[in-house]
Every structure is written in structure tokens, then in C-alpha cells.
Amino acid sequence: MKSAVETLNPTRVRLTVEVPFEELKESLDAAYKKINQQVTVKGFRKGKIPARVIDQRFGRGAVLEEAVNDALPKFYTEAVNEADLNPLGQPEVDIKELKDGELLSFTAEVDIRPAIEIPDYSGIEVTVDAVEVSDEDVEKAVEQLRGRFASTKDVERAAQDGDVVTIDLEAKVDGEVLEDGVAQDVSYTIGSGELLEGIDEAVKGLEAGGEATFTSQLKGGSAEGKDAEVTVKVTKVSARELPELDDEFAGMASEFDTLEELKADSRKRLENTKQYDQATQAQERVLEKLLELVEVPIPEKLLADEVQTRKHNLEHHQLGQMGLSIEKYLEIQGKTVEEFDAETAEQAVKGIKTQFVLDELVNKEKLNVNQEELTEHLMRRAASSGMSPDQFAQAVVEGGQVPMLVGEVARGKALAVVVEAAKVTDTNGEVVDLSDDEDEDEQATETVEAVENAETVENSAPADGEPAADEAK
């Protein structure tokens, strides 16, 4: 077999392959055997039809077509390996010549990983937020804990902010009561924002037995998005009663004996959270600086597939769970289709670029992933998916996704290497040392995943489907 490579652009090549006909013998024999099992010829037992009879009855062309289809993947793979290419996705194959008994010639166009030169990244400098926990932060945390232990007591007065009211609701559109627009004995905390817009203003000032009517846009149901006339009737008003902030509360709400011990623990927890956020911020900003240093051409088809995958995940996973259409979502966000498409493409480019650059760093720094690191990552992914570790591991193995997980961990380690080499200071001018963080690699892996799989809906978890860019792993 002879093959040649023509570079069409930095991310696409054309392979030209010529195969002597004798190298098709194995596939030709397999083609005759396959056809033998599929057809019946009078006078011959099934599977015992001579090749010459098959040629006469069904045509030599049918046999050659079957043989070529069987052989092409093998010859294509040999040509790719010979040229030391890193193909992305499936090739576009074109049979140029097929001479029976002489020659098979074909071309295969395919996207490839671009060649990337990683520059010196030791001079990267970033600034992150300082880890500062104020007394007000601690008091707020304790108040939130206190709120979870609040009780309610029925009161005979007008409802006010923070009260829990029991209400009946009736929604009308164009004067008609909606079939799914009636609800009774709904418990609602005034000011929580958990129900319809305008309901807080409507119920405040009402006593048990009072009612009011207001107009609000419905968030779901048969008349989603339409303005409805909503009648709300208050049947009960309850005041929330908070426990006293004392040592008795500390013993009830925690493992501590005193309120001061509880506050000290809250402060420590807040510091740990802020340190984690600071490390994540450092990783994100170092990654941004690294990507600015590297020119990465993006394969057009890979980008198109990635954009399509992100749109599909948004529409069928995130928005589907929220009961929103893509049109309604864009209306809420105040975005045009063109703005949404541009934003999605920008996120996709960043995700692919991140993957390419960090994969190249993995090779440059000769980073490996051991079993312990892979197991730890698998456990975290299992927890986020809602599956048990055993179930998740089985699904990963059966789906052939182990190399994908290994790639995720390796890219996290690559980012951690760059962060360790960077100069990180906080807003107070203090140098931030992240090298002692035992979970640095895994946290960096999470940061990389967040960038690669960034969703269009803000503050939402990644969808179930992996991005099309995973073809590049």
C-alpha cells in the first residue's frame, strides 16, 4: 500500500491511498462468504455456492463493493498511522479508482489536531480576591442556620414580610379560569420569590379571609408566558419564630456546646469556602492567560458539531427540565438568536482550545494518570451524576469512556502545573501559595471541565451529553 498526505489547511488533510489488488484478497474472501450466507441458488447448498456462480448471478461488482467496504477502514487506519496523524471525527472517503485484479485508489479528507507550540508559561501573573471573612459574614451564616430551626405560630393580624401564609389561587386568562390554574392550601413565605411575580404585594396587609387580585405572567402550565388575572385568598397567617441565639441553640443546631464555638466553626467553614473559591479563581485566570499565549486553529466541522451539541443540550436537557422553550428562554434573557449563536460559538471555541492546549501540555510535561487519581475522579463524577460508583464505572467501561475520563484528569494535572508556575497574588498584594492544596489536581480538573462544558444557561450544571469536542480526546 502507498499513501501520501496533502495539507489542506492547519486542521485538515487529504490522504491519497493506493492499494495493490492482492491486498484485497482477505476482504474478497470475506465478501464471498458473507454473500454465500445471504443468498440461495438452486442446485447448491447454502454457503457452498462457488465464487464464479455468485459472480454470474449477482455480479462481480456487488462482491467488489462488499470487499472494499470491508477493507477501507483497515487501509485508512494504516495510512493515518503511517503519516502519524491525530484525526478528529470520521473521514470523507472518495473511491477514485477500482480496477478489478489491479488496483484500488481512494482519498480520505479528515480534520486533524493542529500542531500547537506551547510557549514559556512561567511568567504568567494573575490577581485573585483575598480570603477575608468579616464578623458580618459569620453573623449571616449563623442567622441562616437559625432560620432553619424556626417555628411558626398562627397570628390574627395582617400578613407582613417573612410571614408564612396559606393561600388559595385562581388564574384567569381572557376571563376564563384555567383548568390547571386553581390551587388550594398553598404554603408561601412572603418575600421568598418562589411563586408568581406580584404576589408579595398582593398578600401583604391581608388578614385571614382577605383576598386580592393582581396581574402576573404565568411561568408554566397550559398558558405559560401569558398574562393572567390571579385572585389570591389568604386562609391563614403564621409568624415565624426564631430560637434565641444562645448556648442552648448551639447545642440543638450543632455538635458544639457554646454559641462562641459555633461561630468559630462557621468562620472556619467560610474561610475554607473562600479559599476554595480563590483557588478556582486562580485556575480560571491562569487558564485565560495561557490561552492568550497560544494560537490554536479550530477545525470547522468540529466547531460546528460542538455548537450543535451545546444547543441540543440546552434545549433538551436544561430548558426541558425548566419547562422553557428556546424562544421563551431568549425572551427572558433579552437576547436575539444571533447573539445567542455568537455566545454559544464563543464558548465552544474556548472549550475546544482549552482541550487542545492542555492535551499538548500533558504530552510536553509527560504527565500520567495513576489508578488512584482515576478512581477519585470517577467517584466524583458518579456523585454528580446521581449514580453509585459501581453503576457509573460499569457505564463508563461499557461505553468505552475510560480514555475520556483519563483525559479529563490529565488535563486537570496540566492546568495545576501551569498554576504552580504562575505568580498568584491577592487584592491585598499577598502572594497566594496553592501548591500545598492536596486536592489541587482534582479541583483543577473541575475547573477545566467547567470551561470545556460551559453551558449557555448561567449557574447550571452540565448536561448529560458530553460535548462534541470530546472526539478530540
Side-chain angles (χ1 to χ4, degrees), residues 133-173 177-221 223-224 227-274 321-323 459:
V133 178
S134 66
D135 292 342
E136 289 77 11
D137 292 333
V138 175
E139 293 300 330
K140 183 179 179 181
V142 173
E143 278 298 319
Q144 288 175 341
L145 179 62
R146 186 186 182 198
R148 294 205 293 272
F149 286 84
S151 59
T152 58
K153 179 181 179 181
D154 293 352
V155 293
E156 294 183 3
R157 60 164 172 78
Q160 58 191 36
D161 271 329
D163 284 346
V164 178
V165 291
T166 303
I167 56 178
D168 296 336
L169 293 166
E170 181 184 84
K172 294 180 180 179
V173 174
V177 178
L178 300 172
E179 289 185 11
D180 55 356
V182 178
Q184 294 181 324
D185 294 328
V186 176
S187 181
Y188 175 67
T189 301
I190 300 176
S192 66
E194 294 174 351
L195 282 178
L196 296 168
E197 186 177 343
I199 195 168
D200 288 340
E201 292 75 11
V203 298
K204 276 193 293 188
L206 295 181
E207 297 183 21
E211 65 177 55
T213 300
F214 64 101
T215 301
S216 183
Q217 189 178 79
L218 298 178
K219 296 180 180 179
E224 176 188 351
D227 286 338
E229 183 183 85
V230 182
T231 300
V232 56
K233 180 178 181 180
V234 176
T235 59
K236 186 168 65 175
V237 179
S238 302
R240 297 173 76 244
E241 294 186 339
L242 297 171
E244 290 294 325
L245 278 178
D246 52 23
D247 293 346
E248 183 180 348
F249 167 71
M252 173 182 65
S254 70
E255 70 270 29
F256 302 105
D257 297 324
T258 69
L259 183 60
E260 288 307 309
E261 288 176 326
L262 173 59
K263 288 183 176 181
D265 180 70
S266 295
R267 183 179 294 276
K268 183 62 179 175
R269 289 174 182 270
L270 287 169
E271 287 175 350
N272 290 340
T273 298
K274 285 180 177 285
Q321 293 172 0
M322 296 163 63
N459 301 321

Expected list for residues 231-238: side-chain donor-acceptor pairs under 3.5 angstrom, two or more places apart:
residue: Thr231; atom: OG1; partner: Thr213; partner atom: OG1; Å: 3.4
residue: Thr235; atom: OG1; partner: Thr166; partner atom: O; Å: 3.0
residue: Ser238; atom: OG; partner: Asp154; partner atom: OD1; Å: 2.8

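Looking at Asp137 and Lys274, their side chains come closer than 4.5 Å, going by heavy atoms from C-beta outward. Residues Met252 and Phe149 form a side-chain contact, since some pair of their non-hydrogen atoms from C-beta on lies under 4.5 Å apart. Taking 4.5 Å as the limit, every side-chain heavy atom of Asp168 sits out of range of all side-chain heavy atoms of Val186.
The distance from atom CD1 of Ile190 to atom CD1 of Ile167, rounded to the nearest 0.5 Å, is 9.0 Å. Taking CG of Leu195 as the start and CG of Leu169 as the end, the distance is 6.5 Å to the nearest 0.5 Å. Atom CG of Leu270 is separated from atom NZ of Lys140 by 10.0 Å, given to the nearest 0.5 angstrom.
Under the 3.5 Å distance criterion, with hydrogens and angles disregarded, a donor-acceptor pair is assigned to the side chains of Asp200 and Tyr188.
The nearest pair of heavy atoms linking Glu197 to Ser216 is O-OG, 2.9 Å. In terms of heavy atoms, Ala159 sits closest to Val203 at CB-O, 3.7 Å. Between Leu196 and Gln217, the closest heavy-atom pair is CD2-O, 4.2 Å. Between Leu242 and Ala150 the shortest heavy-atom distance is CD2-CB, 3.6 Å. A pairwise comparison of heavy atoms in Ala239 and Asp163 identifies CA-OD1, 3.7 Å as the closest pair. Considering all non-hydrogen atoms of both residues, Val142 and Ser266 come closest at CG2-OG, 4.0 Å.
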Under the side-chain contact (heavy atoms from CB on, under 4.5 Å) criterion, do Val177 and Val182 qualify, and how do the steps go? CA-CA 8 Å; Val177 178; Val182 178; 3.7 Å; yes
Leu262/Leu145 under side-chain contact (heavy atoms from CB on, under 4.5 Å): CA gap, chis, key distance, verdict: CA-CA 10 Å; Leu262 173 59; Leu145 179 62; 4.0 Å; yes
Would Thr152 and Glu241 satisfy side-chain contact (heavy atoms from CB on, under 4.5 Å), going step by step from the backbone distance to the final call? CA-CA 6 Å; Thr152 58; Glu241 294 186 339; over 6 Å; no
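With hydrogens and angles ignored, the 3.5 Å screen pairs no side-chain donor or acceptor of Arg240 with any backbone N or O of Lys153.
Shown here is Glu179, whose CD atom has no more than 12 heavy atoms of other residues, nucleotides or ligands within 6.0 Å.
For residues 250-265, the pairs satisfying salt bridge (charged side-chain N to carboxylate O under 4.0 Å, His left out) are Glu139-Lys263, Asp265-Arg269, with sequence neighbours left out.
Taking 4.0 Å as the cut-off between side-chain N and carboxylate O, Asp161 and Lys204 count as a salt-bridged pair. Note on Asp135 versus Arg267: salt bridge recorded, some NZ/NE/NH1/NH2 to OD/OE distance being below 4.0 Å.
Residues passing the salt bridge (charged side-chain N to carboxylate O under 4.0 Å, His left out) test with Arg146, sequence neighbours excluded: Glu143.
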